[in-house]
Amino acid sequence: MNYWLCKSEPETYSWQDLVNDGSTIWDGVRNYAARNNLRAMQVGDRILFYHSNYGREIVGIAEVSVSAFPDPSDDTGTWSSIIIKPLRAFKRPVSLDIIKADVFFLEMILIKNSRLSVQPVTKKEYDKIIQMGG
DNA sequence: GCCAACGTTGGC
DNA sequence: GCCAACGTTGGC
């Protein structure tokens, strides 16, 4: 099993929206690095769900329920989508401030490449995040 | 709302 | 193939 982090602006699509919907298509990604990460995802992989902008915290864990297929919002066949579903919310959301303040996360992509919207997370990082999230 | 960091585009 | 110009993301 592999671990990932996906960003969403809560004003556009929040964790609560995902819970309400039961599952959602993750489409509209238009960045090659992010797309390649989407394509590497397998059913059952875990996704840390991060609220960017207003929020700036990891709020819960989602799961890949359908692996990569052509993005229906794209006519060119260049881009890919997946489908995710919520697994559980954190008792205590893990904020960007907390992550940045901890040297354990110095190498985390969330810190080093803050613009990448779909990124891999190591098992160590994942385990510590979910421990902090409760 | 500003702007730094990063990606992409297009002229040369 | 380089790089300046431009657009976007996302933290502050």
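In what follows, chains carry the letters A, B, and so on, assigned in the order in which the sequence lines appear, proteins first and then strands, with residues in each chain numbered from 1. Keep in mind that what you see is a predicted model, and the values were worked out from it rather than measured.
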In whole Å, what is the span from the [atom1] atom of [X] to the [atom2] atom of [N]?
X      : N      : atom1 : atom2 : value
A:L116 : B:dC6  : CG    : C1'   : 10 Å
A:N31  : B:dA5  : CG    : P     : 18 Å
A:I99  : C:dG11 : CD1   : P     : 11 Å
A:K100 : C:dC12 : NZ    : C1'   : 9 Å
A:E9   : C:dT9  : CD    : P     : 8 Å
A:H51  : C:dT9  : NE2   : C1'   : 17 Å
A:Y50  : C:dT9  : OH    : P     : 15 Å
A:R56  : C:dT9  : CZ    : P     : 17 Å

Nearest listed nucleotide, side chain of A:S52, among C:dG11, B:dT8, C:dC12:
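Closest nucleotide among those given: C:dG11.
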Regarding A:R30, tell me which of base, sugar-phosphate or nothing describes its non-hydrogen contacts under 4.0 Å with the strands shown.
nothing
Quick one: does [X]'s side chain have a donor or acceptor within less than 3.5 Å of a partner on [Y]'s backbone?
X     : Y      : result
A:N37 : A:V118 : yes
A:H51 : A:W15  : yes
A:N20 : A:D17  : no
A:D74 : A:W79  : yes

Between residues 105-115 of chain A and DNA chain B, which residues have a heavy-atom gap below 4.0 Å?
A:K112, A:N113, A:R115
For A:L18 versus A:P86, what's the shortest heavy-atom pair and its separation?
CG-CD, 3.7 Å
Run the salt-bridge test on A:D71 and A:R35 with the 4.0 Å N-O cut-off and return the result as yes or no.
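Salt bridge flag = no for A:R35 with A:D71.
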Would you say a side-chain N or O of A:Y54 is under 4.0 Å from OP1 or OP2 of C:dC12?
no
For C:dT9 and A:K7 - does any side-chain N or O of the residue sit under 4.0 Å from the phosphate oxygens OP1/OP2?
no
Starting from the C-alpha separation in whole Å, work towards a yes-or-no answer on side chain to side chain donor-acceptor pair (under 3.5 Å) for A:Q131 and A:D127.
CA-CA 6 Å; A:Q131 178 202 329; A:D127 286 345; over 6 Å; no
